[in-house]
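One structure below.
These numbers were taken from a predicted model, which means no experiment stands behind them.
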Amino acid sequence: MLLNPAFPRSVHHCVREVGRLLGEVKSHYALRRGNDVAEELDRLQAVLATLDVSTILSRGLHEFLDTIQRQLIAITRELSVAFFGFNSDEGQVQASNSQ
């Protein structure tokens with residue numbers, strides 16, 4: 001279920017869909033930003049396409065999921081910066097000031 005590109009809740013399917021939707025938004029609105037995000041999504045898709053369940057289990061399912069989660073967090077951060085002007089440094093300063 002993690003790698004099945006046809007299963008709507010699989011990691012592989014979700015990453016592919018995010019890449020497709022990013023491409024649609026960029027082309028529809030003629031946006032120049034987001035190229036780094038698209039490249040990172042392509043890299044993640046390539047990695048997911050080369051893996052199989054036995055490889056994941058031999059390396060550790062928990063470790064695999066942690067790695068994927070960190071990559072998705074980085075992609076989310078890059079999307080936030082590219083399209084919403086969010087700077088993670090500013091967010092950390094605001095969070096510490098509110099405490």
Side-chain angles (χ1 to χ4, degrees):
M1 290 177 28
L2 286 171
L3 302 175
N4 185 341
F7 184 64
R9 290 190 177 182
S10 74
V11 174
H12 192 259
H13 178 80
C14 291
V15 169
R16 187 180 70 230
E17 281 298 295
V18 169
R20 184 185 66 76
L21 292 170
L22 177 61
E24 279 186 30
V25 168
K26 285 177 53 76
S27 66
H28 184 71
Y29 295 103
L31 301 173
R32 295 182 186 162
R33 296 180 178 171
N35 292 333
D36 293 343
V37 177
E39 289 176 11
E40 189 63 33
L41 286 166
D42 287 344
R43 276 193 289 275
L44 183 52
Q45 276 185 299
V47 168
L48 292 171
T50 62
L51 292 174
D52 61 8
V53 174
S54 61
T55 303
I56 292 170
L57 293 177
S58 70
R59 294 180 185 171
L61 179 61
H62 181 78
E63 290 77 8
F64 169 76
L65 294 174
D66 280 348
T67 300
I68 295 298
Q69 185 175 12
R70 281 193 297 275
Q71 289 174 317
L72 292 174
I73 289 168
I75 288 168
T76 302
R77 189 175 308 120
E78 289 177 31
L79 280 170
S80 298
V81 170
F83 293 108
F84 304 108
F86 177 76
N87 183 341
S88 61
D89 294 335
E90 290 176 8
Q92 290 174 353
V93 169
Q94 289 176 355
S96 65
N97 289 339
S98 66
Q99 293 177 352

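- Partners of Glu63 according to the salt bridge (Lys or Arg N to Asp or Glu O under 4.0 Å) rule, which considers only residues two or more places apart in sequence or in another chain, do not exist here.
- Sorted by first and then second residue, the pairs that involve residues 4-14 and meet side-chain hydrogen bond (donor to acceptor under 3.5 Å, both in side chains), not counting sequence neighbours, are His13-Arg16.
- With sequence neighbours left out, Val18 forms a side-chain contact (heavy atoms from CB on, under 4.5 Å) with Leu41.
- For Glu39, there are no salt bridge (Lys or Arg N to Asp or Glu O under 4.0 Å) partners two or more places apart in sequence or in a different chain.
- Under the rule for a side-chain contact (heavy atoms from CB on, under 4.5 Å), the partners of Leu65 that lie at least two apart in sequence or sit in another chain are Leu2, Leu61.
- Between Gln71 atom CD and Leu44 atom CG the span is 5.0 Å, to the nearest 0.5 Å.
- Contacts of Arg43 classified as salt bridge (Lys or Arg N to Asp or Glu O under 4.0 Å), with partners at least two apart in sequence or in another chain: Glu40.
- Heavy atoms only, all atoms of each residue included: Leu48 and Phe64 are closest at CD2-CZ, 4.0 Å.
- Rounding to the nearest 0.5 Å gives a distance of 11.0 Å between SG of Cys14 and CD of Gln45.
- In this view, Tyr29 and Val25, Leu31 satisfy the side-chain contact (heavy atoms from CB on, under 4.5 Å) rule, not counting sequence neighbours.
- Listed by chain and number, the residues in a side-chain hydrogen bond (donor to acceptor under 3.5 Å, both in side chains) with Ser27 amount to none (sequence neighbours excluded).
- For His62, the side-chain hydrogen bond (donor to acceptor under 3.5 Å, both in side chains) test picks out Asp66, with sequence neighbours left out.
- Residues forming a side-chain contact (heavy atoms from CB on, under 4.5 Å) with Val53 (at least two apart in sequence, or on another chain): Leu57.
- In terms of the side-chain hydrogen bond (donor to acceptor under 3.5 Å, both in side chains) criterion, residue partners of Glu17 (sequence neighbours excluded) are, by chain and number, Arg20.
- If you take CG on Leu3 and OG1 on Thr55, they are separated by 9.5 Å, rounding to the nearest 0.5 Å.
- The side-chain hydrogen bond (donor to acceptor under 3.5 Å, both in side chains) search around Asn35 returns Lys26, not counting sequence neighbours.
- At a threshold of 4.5 Å between side-chain heavy atoms, the hydrophobic network of Ile, Leu, Val, Met, Phe, Trp and Tyr places Ile73 and Ile75 in two separate groups.
- The nearest pair of heavy atoms linking Ala82 to Gly34 is CB-N, 4.1 Å.
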